[in-house]
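Working notes, beginning with the structure itself.
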Amino acid sequence: MASFRIRQYQDQDYEAVRALFARGILEHVPAGFRHILRAARVRLALLAVFVAARAAAGSWVLGLGTVALALVLLWVLMRSLSTDYVRDALGTDLCDVAGSYLRAPDRCFWVAEEGGTVVGMVAAVPAGRGELELKRMSVSREHRGRGLARALCREVLAFARARGFGTVVLSTSMVQVVAQRLYEGQGFRKVGSSSYPSLLGTLLNFQIFHYRCDLGDGTK
């Protein structure tokens, strides 16, 4: 039996929600880095760097050292992509959670609490055309695998049905494989993808996957 409870966000949750969100995003940096290294064009670029450095310096060691520096740069760029995303979220809707999600119609923000500690979160906002968007889903690493994320997802779906929305949409990154499986298990289907909306995201070919879950005829 689940020991957590899901409730609406309260002002005292502010710091916990912001910290939970930031940790949840930044922990995907290693997976993003590995994904970049698997890309054929990145491997070719690293090989070209090695060959050019070795030819210029006439040393295998300097060639390998140059590749190591390139790898460090890729890591910094990948982390920068995540930190920029976190900074933007913390400076916009998560800067005023109540104002963004609780003071307008058809919006809400929930937290999952266990033992007085916030261990999960999710939000919902209208996306137009009778659609509701699921946003800011995050569960602390220590509390995963217990059905908490599934329960939060179902909270949003129930909210959407109660408010007359015919569709719930969401976006998640290419490296959040567990989240993708969760959403697909709840009836969402992938309907497209796009590059992360920044020059850095395009250069790194960092993809955002778009999902939707059709609930039937809505009244919105």
Side-chain angles (χ1 to χ4, degrees), residues 18-54 63-94 119-123 127 133-146 148-150 152-153 168-213:
R18 286 164 59 88
L20 177 62
F21 173 78
R23 287 196 306 271
I25 295 299
L26 294 178
E27 71 181 22
H28 292 294
V29 172
F33 181 66
R34 291 191 297 271
H35 177 85
I36 290 171
L37 293 183
R38 287 194 292 267
R41 66 179 181 176
V42 172
R43 294 186 179 187
L44 287 173
L46 291 173
L47 178 61
V49 167
F50 171 75
V51 171
R54 181 179 179 277
L64 291 173
T66 303
V67 171
L69 288 175
L71 289 172
V72 171
L73 176 60
L74 283 174
W75 172 267
V76 171
L77 290 174
M78 186 65 241
R79 184 169 177 82
S80 175
L81 194 69
S82 297
T83 55
D84 286 349
Y85 178 71
V86 169
R87 187 181 303 112
D88 178 70
L90 295 183
T92 53
D93 58 300
L94 294 184
V119 296
M121 56 186 270
V122 72
E133 182 180 7
L134 183 155
K135 298 184 62 174
R136 306 307 187 209
M137 169 78 84
S138 188
V139 174
S140 68
R141 182 190 294 271
E142 299 80 6
H143 293 81
R144 293 173 191 165
R146 299 167 50 190
L148 203 160
R150 185 164 54 251
L152 286 167
C153 185
V168 177
V169 297
L170 63 89
S171 298
T172 189
S173 77
M174 62 185 186
V175 299
Q176 293 175 277
V177 178
V178 174
Q180 293 164 30
R181 291 172 182 164
L182 164 73
Y183 298 135
E184 290 164 3
Q186 296 303 304
F188 286 84
R189 57 187 175 88
K190 184 179 174 183
V191 294
S193 64
S194 61
S195 293
Y196 183 80
S198 73
L199 176 59
L200 182 55
T202 301
L203 290 174
L204 295 176
N205 194 30
F206 193 85
Q207 295 289 301
I208 302 298
F209 295 159
H210 307 294
Y211 283 82
R212 67 182 287 131
C213 178

To the nearest 0.5 angstrom, please state how far the [atom1] atom of [X] sits from the [atom2] atom of [Y].
X: Thr83; Y: Asp88; atom1: OG1; atom2: CG; answer: 11.5 Å
X: Met174; Y: Phe206; atom1: CE; atom2: CZ; answer: 4.5 Å
X: Thr66; Y: Leu46; atom1: OG1; atom2: CG; answer: 11.0 Å
X: His210; Y: Glu133; atom1: NE2; atom2: CD; answer: 10.0 Å
X: Cys153; Y: Leu148; atom1: SG; atom2: CG; answer: 12.0 Å
X: Leu77; Y: Leu81; atom1: CG; atom2: CG; answer: 9.0 Å

Under 4.5 Å between any side-chain heavy atoms of Leu26 and Arg79, yes or no?
yes
Test your reading of the model: is there a side-chain donor-acceptor pair from Arg43 to the backbone of Leu37, 3.5 Å cut-off?
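Such a contact is found between Arg43 side chain and Leu37 backbone.
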Shortest non-hydrogen contact between [X] and [Y], atoms and distance:
X: Arg212; Y: Val169; value: CB-CG1, 3.9 Å
X: Phe21; Y: Ala89; value: CE2-CB, 3.4 Å
X: Gly24; Y: Ser138; value: CA-OG, 4.0 Å
X: Leu74; Y: Val42; value: CD1-CG1, 3.9 Å
X: Gly187; Y: Cys213; value: O-SG, 3.7 Å
X: Ser173; Y: Gln180; value: O-NE2, 3.0 Å

According to the interplanar angle, ranging from 0 to 90°, do the rings of Trp75 and Phe33 count as parallel (below 30°), tilted (30 to 60°) or perpendicular (above 60°)?
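The arrangement is perpendicular - the two ring planes meet at more than 60°.
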Parallel, tilted or perpendicular: which one describes the rings of Phe188 and Tyr183, with boundaries at 30° and 60°?
perpendicular
Do you see a donor-acceptor pair shorter than 3.5 Å between the side chains of His28 and Ser82?
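Judged by distance alone, the side chains do not pair up.
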Whether the Gln207 and Ser195 side chains hold a donor-acceptor pair (N or O, under 3.5 Å, no angle test) is what I'd like checked.
yes
In this structure, which one of Glu184, Lys190, Gln186, Arg189 forms a side-chain hydrogen bond (donor to acceptor under 3.5 Å, both in side chains) with Tyr211?
Glu184
With sequence neighbours excluded, what pairs up with Arg87 under the salt bridge (Lys or Arg N to Asp or Glu O under 4.0 Å) test?
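Only Asp84 meet the salt bridge (Lys or Arg N to Asp or Glu O under 4.0 Å) criterion with Arg87.
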Can you list the residues that meet the salt bridge (Lys or Arg N to Asp or Glu O under 4.0 Å) rule with Arg136, with sequence neighbours excluded?
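Asp93.
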How about Arg18: does its CZ atom have over 12 heavy atoms from other parts shown lying under 6.0 Å from it?
yes
